[in-house]
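A short worksheet on the structure shown next.
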Protein chains: 2
Amino acid sequence: MFSIGDLSKRTAVKIPTIRYYEEMGLLSAPERTEGNQRRYDAAGLERLSFIKHARDLGFSIEAISELIELQCHPDRSCQAATDIAISQLSEVRAKIKRLRSLEKELVRISKGCDGDGVSEDCYVLASLADHKLCNHEH
Amino acid sequence: MFSIGDLSKRTAVKIPTIRYYEEMGLLSAPERTEGNQRRYDAAGLERLSFIKHARDLGFSIEAISELIELQCHPDRSCQAATDIAISQLSEVRAKIKRLRSLEKELVRISKGCDGDGVSEDCYVLASLADHKLCNHEH
DNA sequence: CTTGAACCTCTAGCCACTAGAGAAACTACA
DNA sequence: TGTAGTTTCTCTAGTGGCTAGAGGTTCAAG
């Protein structure tokens, strides 16, 4: 049996976060000692590891709820789970795309002031003030 | 003179957001009509455009505050502004890096179930449950 | 002068936590 | 068994950057 602190150390999930997951219904409420402290079994530890891993991969609490639902109904769960993963993947790709265009823009802006005669006004500030100086839309 | 609605249409910043920026000190409080409604001048519009553009590039409210500070002290502001832009750039790059490793992992996970014999247990769920199935750290 | 759109302030909610207060319960050692 | 020190409990409030809604006032057009 693990205390909440044990669980926290083993999974690197902070204690208040574990309680939060319980409140959100991701973790089922564990047994308690006579003094009302949580005591987890191996299944609880496994479940929390699952949640942690999914969160690290950027799945929302809601998506994780669905995945946990699916774990409980192993028949036909695979396609549904794959769908969730794929939709997460496409979100990640969209974010990367957007960030790459921001990266380009920021590189351009940051370089403006290093040149010689350019910066009698600050190029960074000018670029931010005037959208026309941008090469891309964003 | 522009009403808050005019400003909102011209900058594509929603009205409550404009008021929020004022509350946060990014926008200085504009004049008011006798009936207490905000009326902005061209400078207000310009300032809001600046903020919008910077937010689109992912600068935090705090960073934008600093940039606005710098605008008010044009001497030696350029290097400081460039520093802020560069630090924003490195944050963006860090995010991209992380997202790319998530992307790889998600591609791998999502493909698991499409094969032939692999998925007697759902590979997506198994991968999330067992970190050892990962190729990379994250 | 009236109608309807736009505006005002204020409060509360979103996500996924994080921090802190004040009290109770464990654990280790004497 | 006593006690000191750590851990845990619940509860409330705060984070960032907005967004939504209630209930009331003011503006602009006809």
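When reading the values below, keep in mind they use all heavy atoms of this one structure, side chains included, and skip hydrogens, waters and symmetry mates.
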_Interatomic distance, B:I51 CD1 vs D:dC18 C1' [rounded to whole Å]_ = 14 Å
*Check the distance between C:dC7's P and B:I18's CD1 and give it to me in whole angstrom.*
9 Å
*For A:R32 and D:dC9, give me the distance from atom CZ to atom C1', rounded to whole Å.*
8 Å
*Does one side chain, of B:R108 or B:Y123, offer a donor that lies under 3.5 Å from an acceptor on the other?*
yes
*Round to a whole Å and report the spacing from CD1 of B:I64 to C1' of D:dC18.*
13 Å
Check nucleotides 16-20 of chain C for protein N or O atoms closer than 3.5 Å to its own N or O atoms and list the pairs.
unit_1	atom_1	unit_2	atom_2	d
C:dA16	O3'	A:R55	NH2	3.4
C:dC17	OP2	A:Y21	OH	2.9
C:dC17	OP2	A:R55	NE	2.7
C:dT18	OP2	A:T17	OG1	3.1

*For B:D56 and D:dG17, what is the distance between atoms CG and P respectively, to the nearest whole Å?*
14 Å
*asked:* Let me confirm one number: the CG-CD distance from B:L102 to A:E91, rounded to the nearest 0.5 Å.
replied: 12.0 Å
*Contact check, side chains of A:V124 and B:C78, non-hydrogen atoms, under 4.5 Å*: no
*Can you tell me if the side-chain N/O atoms of B:R39 get under 4.0 Å from OP1 or OP2 in D:dT26?*
no
*Take B:R38 and B:E22 through the test salt bridge (Lys or Arg N to Asp or Glu O under 4.0 Å) and record every step on the way to the result.*
CA-CA 11 Å; B:R38 291 168 179 83; B:E22 183 183 326; 2.8 Å; yes
*Under 4.0 Å: is that the gap between some side-chain N or O of A:R38 and OP1 or OP2 of D:dC9?*
yes
*Salt-bridged, B:K52 to B:D56, with N to O below 4.0 Å?*
yes
*asked:* What is the distance, to the nearest angstrom, from the CD atom on A:E34 to the P atom on D:dC9?
replied: 16 Å
*Would you say D:dC27 has OP1 or OP2 under 4.0 Å from some side-chain N or O of B:T33?*
yes
*asked:* Could you tell me how far apart B:K9 (NZ) and C:dA6 (C1') are, to the nearest whole angstrom?
replied: 9 Å
*Go through B:Y21 and B:R47 one step at a time and tell me if the side-chain hydrogen bond (donor to acceptor under 3.5 Å, both in side chains) criterion holds.*
CA-CA 11 Å; B:Y21 289 159; B:R47 167 70 64 88; over 6 Å; no
_Assess the residue pair A:I51 and A:I68 against the criterion (side chain to side chain contact (heavy atoms under 4.5 Å, CB included)); give the C-alpha distance rounded to whole Å, side-chain angles, the decisive distance to 0.1 Å, and a yes or no._
CA-CA 9 Å; A:I51 294 168; A:I68 288 172; 4.2 Å; yes
*Rounded to whole angstrom units, what separation is found between the CG atom of B:L27 and the P atom of D:dG17?*
15 Å
